[in-house]
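I have placed the structure first, in the form of structure tokens, so that the comments after it can refer back to it.
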There are 2 protein chains.
Amino acid sequence: MVSSALHERVHELLVRDHQRYTSARRKLVDVLGAATHPLTIPEISHLDRGLAQSSTYRNLVVLERARAVQKVVANDEWYRYELAEELTDRHHHHLICSECGMVQDVEVPAALEQRLDQQLTEVASGAGFRLDHHRLDLVGRCADCA
Amino acid sequence: MVSSALHERVHELLVRDHQRYTSARRKLVDVLGAATHPLTIPEISHLDRGLAQSSTYRNLVVLERARAVQKVVANDEWYRYELAEELTDRHHHHLICSECGMVQDVEVPAALEQRLDQQLTEVASGAGFRLDHHRLDLVGRCADCA
DNA sequence: ATTTATGCAAATCGTTTGCAAACCT
DNA sequence: AGGTTTGCAAACGATTTGCATAAAT
């Protein structure tokens, strides 16, 4: 399900950050790598009952600091987590249902991305910012809620 | 500081929602209307000491349901609130400093907005979504933190 | 062997809620 | 009067943390 190349890559990132790649962290990466949308902690716990919540919280912090995982904010009461784009090589954004809170990965045309990157960098530097990345969420009603 | 036309407009929205425009809600609109970036509850309390936190939380829910206020998620531990764009007529996005959490309103070129609206609507419907609006955040380092 | 991670239970803290008094209309 | 809002204090719940044990190197 999750390639060993991915585990290699995460391992590298953790080592670079003087962190260990323990079995709990590996399982966390397995769960996140199999998902098609960012997961909440309850979802993670449900998908792998062996993961203690407190350790999951702690490990997500570690993985985030090592840039293996990204925290995502949608609309509901939980944060969500996904593998970093550098690991998946799939630049994407999120479609969020404002009714049921459902979150789905989505990609937008490459030409649009390119133009966004370029123009937003300009806008940011005009305000004295060094742009790191952009977050683009599409908010609406999913097929079930419309 | 805050035009009475704005209060008129908010009043309308509340009446339409069978809600009263009380003095606490009016003061809340005053504070939000004077801000140049979305405010956290602590910021609001600090800007108007007369506002009890619990009532502020409750009133923000009321104002949000009436579409007078929008909840904004940045990076830090508090939600942020701003007047709805329909009231300010100033479509904008947010520049977020990933270091200090500072949030600043920013506008992007109209041509880009237009292209975004059009293409994102297409992308969304391709996924069975009815797009309501998009959220675009620029994440980077502010002048002080860079 | 020594350092780091784990899991449980307890603490934290932003947010929500119950309730009696104040407010509106 | 009749219903709504307010402010205080208590409750809630997602996240964090202390600590003794287990795992990793």
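Residue numbers begin at 1 in each chain, while the letters A, B, ... track the order of the sequences.
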Using atom [atom1] of [X] as one end and atom [atom2] of [N] as the other, report the distance to the nearest whole Å.
X: A/E77; N: C/dC13; atom1: CD; atom2: C1'; result: 16 Å
X: B/W78; N: C/dC13; atom1: CH2; atom2: P; result: 10 Å
X: B/R49; N: D/dG7; atom1: CZ; atom2: P; result: 15 Å
X: A/Y79; N: C/dG14; atom1: OH; atom2: P; result: 11 Å
X: B/K27; N: D/dT5; atom1: NZ; atom2: P; result: 16 Å
X: B/L28; N: D/dT6; atom1: CG; atom2: P; result: 10 Å
X: B/N59; N: C/dC24; atom1: CG; atom2: C1'; result: 14 Å
X: B/I44; N: C/dT15; atom1: CD1; atom2: P; result: 10 Å

Strictly below 4.0 Å: does [X] bring a side-chain N or O up to OP1 or OP2 of [N]?
X: B/S55; N: D/dG7; answer: yes
X: B/Q53; N: D/dC8; answer: no
X: B/T22; N: D/dT5; answer: no
X: A/Y57; N: D/dT16; answer: no

If we count only N and O atoms by modelled type, under 3.5 Å, do the side chains of [X] and [Y] hold a donor and an acceptor together?
X: B/E107; Y: B/H91; result: no
X: A/Q19; Y: A/H11; result: no
X: B/Q104; Y: B/H93; result: no

(request) With B/R26 as the cation and B/Y21 as the aromatic partner, state whether NZ or CZ is under 6.0 Å from the six-membered ring centre and within 45° of the axis. (result) yes
(message) Distance to the ring centre below 6.0 angstrom and angle to the axis at most 45 degrees; does that hold for A/K71 and A/Y79?
(response) yes
(message) Using the side-chain heavy atoms of A/A24, tell me which of these nucleotides is nearest: D/dT5, D/dC8, C/dT6.
(response) C/dT6
(message) Among C/dT15, D/dT5, D/dT15, which nucleotide has an atom closest to any side-chain atom of B/I41?
(response) C/dT15
(request) Please figure out whether B/R20 or B/R58 has its closest DNA chain C nucleotide nearer the 5' end. (result) B/R58
